[in-house]
Every structure is written in C-alpha cells, then in structure tokens.
Trainee: 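I'd like to ask some things about the structure below.
Note on naming: letters A, B, ... go to the chains in the order of the sequence lines (proteins, then strands), and numbering restarts at 1 for each one. The figures here come from the full heavy-atom set of this structure, side chains too, leaving out hydrogens, waters and symmetry mates.
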Amino acid sequence: MLAKQTPLSKQMLSKLLQTSSSKPKQLKKIHALVLTSGLSVKNSLLTQLLENLILIGDMCYARQVFDEMHKPRVFLWNTLFKGYVKHKLPFESVVLYQKMRDLDVRPDEFTYPFVVKAISQLGVWPCGFTFHAHVVKHGFETLGIVATELVMMYMKFGELSSAQFLFESMQGKDLVAWNAFIAVCVQTGNSALALEYYYKMCADAVQFDSFTVVSMLSACGQLGSLEIGKEVYDRARKEGIDCNVIVENARLDMYLKCGSTEDARFLFEEMEQRNVVSWSTMIVGYAMNGDSDEALALFNMMQREGIRPNYVTFLGVLSACSHAGLVDEGKRYFSIMARSNDKNLEPRKEHYACMVDLLGRSGLLEEAYEFIKKMPMEPDAGIWGALLGACAVHRETKLGQEVADLLVETAPDIGAYQVLLSNIYAAAGKWDCVDKVRSKMRKLGTKKVTAYSSVEFEGKIHFFNRGDKSHPQTKAIYEKLEEILKKIRNMGYVPQTGSVFHDVETEEKESSLSHHSEKLAIAFGLINGRAGDPIRVMKNLRTCEDCHVFAKFVSRLTSRDIIMRDKNRFHHFRNGVCSCREFW
DNA sequence: TTAGGGTTAG
C-alpha cells in the first residue's frame with residue numbers, strides 16, 4: 001500500500017495517517033516517509049502523527065516525534081502534556097515542563113490545567129506548592145478551570161484546609177467547580193465534607209445536576225447514610241434531573257454499601273437500562289454483604305443474558321467465593337480468566353490477591369504461598385497483606401513473621417500490617433515479640449488509624465470513638481450498654497479478651513473492651529431507632545471478635561437485626577447468628 | 001487548535 005520511493009504529497013500522507021491511526025507499524029513507515037519527503041509542511045504532518053501516537057498510547061515515540069519538530073508552538077506542548085496526563089505519566093510531564101522553561105517557551109492558559117493535574121498524579125507535595133507559585137506568576141490562578149484543578153490537587157494531597165480556602169475564594173464558581181470539589185472530597189474519603197458542601201451549594205441556590213447526585217450517592221454509600229441518600233435521590237427526581245444509568249448504578253451501590261440488599265435488588269429489577277457496571281456492582285455488593293450464592297447466581301444470569309463481565313466483575317465473583325470458602329469454584333473462575341483470550345480479563349494483581357485470600361482463609365497457607373511464588377508479576381503489599389491476614393486467622397506465627405518481614409520491605413509505613421503482625425504474636429502468646437513490634441512502630445512513627453463507628457439517625461450521622469463521652473446522650477447510652485451487658489452475660493456472653501483480631505485499641509483493659517465504638521453505636525441505635533428497624537452500624541476498621549460475639553447476643557436478646565459494616569465486609573446479625581458464618 | 005465534574009474494584 002505504501003509506495004517506497006515515490007515522494008508523496010502532503011495530502012496523501014495526511015490521508016494515510018488518518019487511515020492508519022491505530023496501526024503502530026504503519027505509523028512508523030509513514031513517519032519515515034514524512035522525514036524523507038522534503039516537504040516544507042513537516043510540522044503539520046508530524047502533529048497528526050503525534051496525535052495518533054498519543055491515541056494509541058505510545059508516549060515514548062510521541063516524545064521522539066515532538067523532539068523532531070522545528071520550534072513547536074505552545075499548543076503542541078499542550079498536546080503532549082495532555083497525552084502524559086491521559087496515560088498517567090506525571091514524571092514525564094514535569095521533565096517536559098522543565099524543558100519548556102529552559103527553552104523560554106511561555107505556557108498559556110491551556111498549559112496549566114494539564115500540568116497541575118500531572119502534579120496531582122505525581123503526588124509529591126512540595127512540587128504542588130512550587131507549581132501553584134508558577135500558576136500565580138503567570139497570572140492564571142483566577143482562571144476557573146486552573147483554580148478547579150488546583151483545588152483538586154490540594155485535596156488529593158490531603159491539604160484540606162488549603163483546598164477549602166482556595167475553593168471558597170474562587171470568584172463566580174460554576175456548577176462544574178462545585179461538582180469537582182464535591183467529587184474530590186468523596187474520592188479522598190472526605191464524604192462528610194462533601195455533604196457539607198452539597199448543603200452549601202443548595203443554600204447558595206446553585207442548581208445541581210446528575211454529576212452532583214452521583215457524587216452524593218457515593219458519599220452516602222461511604223458514610224452508610226441510607227436516609228440522606230434516598231433524600232438526595234428523591235429531590236433530584238422532583239427537580240427533574242435526568243437520572244441516567246450512571247446515577248442508578250450509584251444508587252445501587254449506595255444501597256449495597258448501606259447493607260440494604262433488598263433495596264438494591266428491587267432497584268436492579270426495575271432498572272430500564274443495565275450495563276456491566278450495574279451487574280458488577282450487584283455481584284460485588286452481594287459478596288460484601290455475605291450473600292455469595294446470590295452473587296454467583298447473578299454472575300451466571302449475567303452470562304446467560306450475554307453481558308460480558310469485566311475484571312471488576314471477576315473481583316466480585318472471587319471475593320464471593322472467598323467469603324463462602326468456595327475454594328474449587330474460586331479456582332475455576334480464576335482459570336476462566338487465565339484462559340480467556342480477552343486481554344481485559346487477564347488476571348491482575350487484585351485477582352491474585354483475591355486468590356491468596358481465598359486459599360489463605362481456607363487454611364491452605366502453603367498453597368497460597370506457592371501461588372504467590374508462581375505469580376507472573378512482582379507481588380505487592382496487597383498480596384503479602386492477604387497472606388499475612390490469613391496467617392493471623394490461622395495463627396501461623398512462623399509464616400506470618402516471614403511474610404511480615406517481606407512486607408516491611410514493600411510497605412514499611414502501613415500500620416495495619418504491623419498491627420496484624422502484633423496480633424499474630426499476641427494470639428501465640430509471644431508478648432515479648434508483641435512489644436518489639438510495638439516499639440518499632442513507635443520508633444518509625446507508624447500511625448494507627450483511630451477506630452470509630454457511626455450510626456445514622458434522622459438524617460444525621462452520629463460518630464463514636466472508643467470510650468466516647470462526647471455525645472449528648474452519653475448517660476443514656478452507657479446505661480443501656482450496662483443493662484445489655486448484664487442481660488447477655490446471663491445468656492452466656494463471655495468477653496473475648498484474647499481475640500485474634502484485636503486491634504491495637506483492644507489491647508487495653510477489659511473494661512475498655514466493653515466501651516468499643518461499635519458497642520456504643522449499637523446502644524445508641526437501640527435507644528433511638530424504631531423497634532423492628534435494623535440497626536446499621538458502620539465501622540472504619542475491622543470489627544473485633546468480642547464485638548462480633550456481643551452483636552450476636554444483642555440481636556437475639558432484642559430481636560433486632562444489626563447490620564454492621566466493617567472495613568472488609570458486612571455482618572448481618574439476626575437472632576444470634578451472623579451472616580458471615582464466622583468466616584472473616 | 002488544545003482545559004475543570006460522575007458509577008463497580010483498590
């Protein structure tokens with residue numbers, strides 16, 4: 001198709017570029033033709049080639065082509081920045097920016113949105129500060145789009161107050177700026193702040209749209225606020241906001257994250273349009289809520305309906321197998337992925353982590369270890385963490401220690417792993433080793449996350465820490481707790497002081513065990529909620545064994561369902577039994 | 001001829 005020696009006209013080359021836009025080999029040949037064509041319009045052809053290369057993601061080649069250009073204009077620099085952002089190559093962006101400065105090319109209003117986003121991706125805080133200064137120097141700070149990117153950058157760096165300050169001082173914020181801020185709050189785990197700004201937005205009479213609704217539903221899912229979530233959606237409906245499949249998927253997810261599989265299923269059946277995200281959300285949600293049978297049934301139904309699963313769907317399927325201890329099924333699904341010709345279904349690290357979790361939970365620790373060794377990619381902290389978790393469950397001190405040593409190399413500052421290791425030692429009664437881990441954590445300044453639980457009541461979320469006495473109803477809560485403890489002790493409840501899953505916090509005296517955040521939250525729920533309604537408790541960390549036993553007894557004593565979401569999964573307590581069947 | 005916002009997983 002490509003003539004070898006005859007020089008081609010610009011039009012022909014341009015046409016060729018259009019038709020070979022996604023064929024790397026062809027692009028290379030055309031590139032050579034452009035260079036030897038002797039045409040005076042090389043830059044416009046190279047621009048076209050550059051765009052094609054960015055499209056197919058060959059950023060190295062794109063950079064090479066860019067470097068061959070004669071004095072590229074700013075928009076070309078911007079095009080390359082855009083490519084780096086798209087393909088998440090922030091470091092290359094910074095290098096390019098430096099080159100731009102060296103060559104005295106003035107960035108324009110379009111440059112900074114890309115560059116600031118690149119810095120967000122890079123995640124190096126001092127860099128963010130420096131780039132903000134550059135933006136100010138070039139006078140682009142007041143530009144809405146740049147300011148929005150800056151706000152998002154600060155938020156992603158965890159600089160909440162700076163982000164808020166910047167956002168507040170933005171003049172003439174439009175809907176997109178509000179949505180961006182609310183979305184980034186949710187993405188960074190600051191859902192309560194997102195809620196606050198949603199109310200502010202309403203107070204400022206800014207009309208929200210479907211983007212706002214999605215972020216809010218997502219925030220409510222994170223917070224476990226079923227009431228607020230329903231309220232936001234109803235309001236959106238009343239105001240005539242278009243509730244497309246993305247909104248409905250977000251609503252599905254909100255229901256599932258609040259532990260209401262009934263609401264989710266009802267909606268799922270009613271939905272006019274369902275895509276792979278809808279199905280995956282349901283499967284993942286069922287797995288999270290401990291209904292593995294339903295998750296797998298849905299997966300089969302999905303295939304019968306000819307919906308192609310994606311890698312998230314398989315994460316849900318594998319996690320369903322893991323929570324139900326279905327080792328053989330898990331292996332079978334994993335091999336379906338491994339054998340698939342679909343490049344998108346190749347098992348990723350997360351799938352390997354799921355398999356390690358599945359094997360490990362079922363006590364097949366050696367097999368899990370072997371599985372890791374045979375992985376085609378370098379195991380990361382998540383993989384070792386899964387094995388360490390399994391070692392904790394099965395009190396495998398020796399392997400646990402080995403894994404912990406490896407983990408310290410991969411992820412030295414993740415407190416959760418240190419806590420797991422110390423739990424392993426504690427369960428084995430090796431208190432001297434426990435002390436060693438603890439003092440190491442202190443020395444390294446490893447932060448442990450403070451545990452808290454929350455309950456939503458009348459559109460407000462009530463938070464509790466361990467031994468919390470700040471709630472207005474403190475007196476009543478503690479009295480209720482004492483009353484229940486007395487009653488369930490008579491039913492046979494014994495505090496589980498030597499729990500495997502005890503967090504650093506549970507290491508305190510037994511008296512503090514009885515004041516764990518989830519117990520306070522349950523007591524609060526018993527005082528305030530309507531009889532017959534389930535009590536929904538959300539916990540930011542994994543729940544401890546004692547609270548698990550406690551909740552079982554309370555559900556039997558009071559005939560109320562307790563739905564507790566911890567960091568990993570749900571526990572639905574009913575009449576003394578937990579849906580997790582002790583498998584967590 | 002370019003720029004800011006949304007759903008599943010982590």
Side-chain angles (χ1 to χ4, degrees), chain A residues 44 47-48 50-51 54 72-83 85-86 107-117 120 140 143-153 155 167 170 173-187 189 194 201 208-219 221 236 241-257 264 271 273-288 309-319 348-354 380-383 385-386 567-568:
Chain A
S44 85
T47 302
Q48 215 180 328
L50 184 74
E51 277 168 358
I54 290 174
R73 287 191 303 183
V74 189
F75 94 85
L76 275 168
W77 290 82
N78 294 345
T79 305
L80 198 55
F81 279 126
K82 182 171 132 187
V85 165
K86 187 181 168 198
D108 67 3
E109 57 188 313
F110 298 104
T111 313
Y112 282 109
F114 295 127
V115 173
V116 175
K117 189 169 245 163
S120 295
F140 295 126
L143 209 71
I145 295 169
V146 180
T148 305
E149 279 294 357
L150 282 169
V151 167
M152 294 185 77
M153 178 189 81
M155 206 64 199
F167 182 72
M170 270 174 79
K173 290 186 277 285
D174 63 4
L175 178 60
V176 179
W178 279 97
N179 283 344
F181 186 63
I182 290 175
V184 79
C185 284
V186 181
Q187 284 157 15
M201 186 179 179
F208 64 87
D209 66 0
S210 64
F211 281 74
T212 330
V213 178
V214 170
S215 288
M216 287 314 297
L217 290 172
S218 185
I241 286 164
D242 169 42
C243 291
N244 57 21
V245 67
I246 300 180
V247 176
E248 298 300 351
N249 286 344
R251 189 151 70 107
L252 266 187
D253 182 54
M254 187 270 293
Y255 288 145
L256 291 160
K257 288 217 170 86
M271 276 167 75
Q273 207 193 334
R274 289 188 291 218
N275 58 19
V276 63
V277 177
S278 327
W279 287 89
S280 305
T281 303
M282 287 300 286
I283 291 168
V284 169
Y286 271 128
M288 230 171 32
N310 64 16
Y311 75 101
V312 181
T313 325
F314 272 99
L315 281 176
V317 168
L318 292 177
S319 127
R348 306 183 186 192
K349 272 185 185 161
E350 298 94 310
H351 300 103
Y352 280 90
C354 267
D380 64 358
I383 308 264
K567 200 165 185 287
N568 294 337

Trainee: Within the modelled atom types, does a donor on one side and an acceptor on the other bring the side chain of A:Asp174 and the base of B:dG4 under 3.5 Å apart?
Mentor: yes

Trainee: Assign A:Ser210 to base, sugar-phosphate, or nothing according to its heavy-atom contacts below 4.0 angstrom with the strands shown.
Mentor: base

Trainee: Using a cut-off of 4.0 Å on non-hydrogen atoms, how would the nucleic acid contact of A:Ile246 be classed: base, sugar-phosphate, or nothing?
Mentor: base

Trainee: Using a heavy-atom cut-off of under 4.0 Å over every strand shown, decide if A:Asp253 touches base, sugar-phosphate, or nothing.
Mentor: sugar-phosphate

Trainee: Which nucleotide in the list B:dG6, B:dA3, B:dT7 gets nearest to the side chain of A:Glu109?
Mentor: B:dA3

Trainee: Do A:Tyr112 and A:Glu149 have side chains that get closer than 4.5 Å, going by heavy atoms?
Mentor: no

Trainee: Using atom CD of A:Glu350 as one end and atom C1' of B:dA9 as the other, report the distance to the nearest whole Å.
Mentor: 7 Å

Trainee: Which part of the nucleic acid, if any, lies within reach of A:Ile182 when heavy atoms closer than 4.0 Å are counted: base, sugar-phosphate only, or nothing?
Mentor: nothing

Trainee: Within a strict 4.5 Å, meaning less than it, do heavy atoms of the A:Met153 and A:Leu150 side chains meet?
Mentor: yes

Trainee: Provide, to the nearest angstrom, the distance between the CE atom belonging to A:Met152 and the P atom belonging to B:dG4.
Mentor: 10 Å

Trainee: Whole angstrom is fine here: how far is it from OH in A:Tyr311 over to C1' in B:dT7?
Mentor: 13 Å

Trainee: Under the criterion of centre distance below 5.5 Å and interplanar angle below 30°, is A:Phe75 classified as stacked on the base of B:dT2?
Mentor: no

Trainee: Give the rounded distance in Å between these two atoms: NZ of A:Lys567 and P of B:dA9.
Mentor: 13 Å

Trainee: Once hydrogens and angles are ignored, does a donor-acceptor distance under 3.5 Å link the base of B:dA3 to the side chain of A:Tyr112?
Mentor: no

Trainee: From CE of A:Met282 over to C1' of B:dA9, roughly how many Å is that when rounded to an integer?
Mentor: 17 Å

Trainee: Of the listed nucleotides (B:dG6, B:dG4, B:dA3), which one gets closest to any side-chain atom of A:Phe211?
Mentor: B:dG6

Trainee: Which residues satisfy the side-chain contact (heavy atoms from CB on, under 4.5 Å) test with A:Lys82, sequence neighbours excluded?
Mentor: A:Phe114

Trainee: Just checking A:Asp380: base, sugar-phosphate only, or nothing, at a heavy-atom cut-off of under 4.0 Å?
Mentor: nothing

Trainee: What does A:Lys349 touch in the nucleic acid at a heavy-atom separation under 4.0 angstrom: a base, only the sugar-phosphate, or nothing?
Mentor: nothing

Trainee: Does any part of the side chain of A:Ser280, heavy atoms only, come nearer than 4.5 Å to the side chain of A:Asn310, both counted from C-beta?
Mentor: yes

Trainee: Could you tell me whether A:Ala183 contacts a base, only the sugar-phosphate backbone, or nothing, with contacts defined as non-hydrogen atoms closer than 4.0 Å?
Mentor: sugar-phosphate

Trainee: How many Å lie between CG on A:Asn244 and P on B:dT8, as a whole number?
Mentor: 14 Å

Trainee: Remember a base hit wins even if backbone is also touched, and classify A:Thr281 as base, sugar-phosphate or nothing at under 4.0 Å, heavy atoms.
Mentor: sugar-phosphate

Trainee: With heavy atoms under 4.0 Å as the rule, sort A:Val247 into base, sugar-phosphate or nothing.
Mentor: base

Trainee: With hydrogens left out and only the distance checked, is there a donor-acceptor pair under 3.5 Å joining A:Arg73's side chain and the base of B:dT1?
Mentor: yes

Trainee: May I ask you to evaluate whether A:Lys117 reaches the phosphate of B:dA3, defined as a side-chain N or O under 4.0 Å from OP1 or OP2?
Mentor: no

Trainee: Checking all strands, does A:Ile283 fall into the base, sugar-phosphate, or nothing category for heavy-atom contacts under 4.0 angstrom?
Mentor: nothing

Trainee: Which nucleotide wins on minimum distance to the side chain of A:Val214, given the candidates B:dT8, B:dT7, B:dA3?
Mentor: B:dT7

Trainee: Ring-on-base stacking between A:Phe110 and B:dA3, under 5.5 Å between centres and under 30° between planes: is it there?
Mentor: no

Trainee: State, with a plain yes or no, whether a side-chain heavy atom of A:Asp242 is found less than 4.5 Å away from one of A:Ser210.
Mentor: no

Trainee: Using the salt bridge (Lys or Arg N to Asp or Glu O under 4.0 Å) rule, collect all pairs that involve residues 244-254 of chain A, keeping only residues at least two apart or in two chains.
Mentor: A:Glu248-A:Arg251, A:Asp253-A:Lys257

Trainee: So A:Val284, base contact, sugar-phosphate only, or nothing? Heavy-atom distance under 4.0 Å.
Mentor: sugar-phosphate

Trainee: Considering every strand and a 4.0 Å limit on heavy-atom distances, what is the contact class for A:Phe181: base, sugar-phosphate, or nothing?
Mentor: nothing

Trainee: May I have the distance from A:Arg251 (atom CZ) to B:dT8 (atom P), rounded to whole angstrom?
Mentor: 16 Å

Trainee: Select base, sugar-phosphate, or nothing to describe what A:Glu51 touches, counting heavy atoms under 4.0 Å on all strands.
Mentor: nothing

Trainee: Determine whether A:Trp279 and A:Thr313 satisfy the following criterion, side-chain contact (heavy atoms from CB on, under 4.5 Å), listing intermediate values before the conclusion.
Mentor: CA-CA 8 Å; A:Trp279 287 89; A:Thr313 325; 5.6 Å; no

Trainee: Rounded to whole angstroms, how far apart are CZ on A:Phe114 and P on B:dT1?
Mentor: 13 Å

Trainee: When all nucleic acid strands are considered with a 4.0 Å heavy-atom cut-off, which category describes A:Lys257: base, sugar-phosphate, or nothing?
Mentor: sugar-phosphate

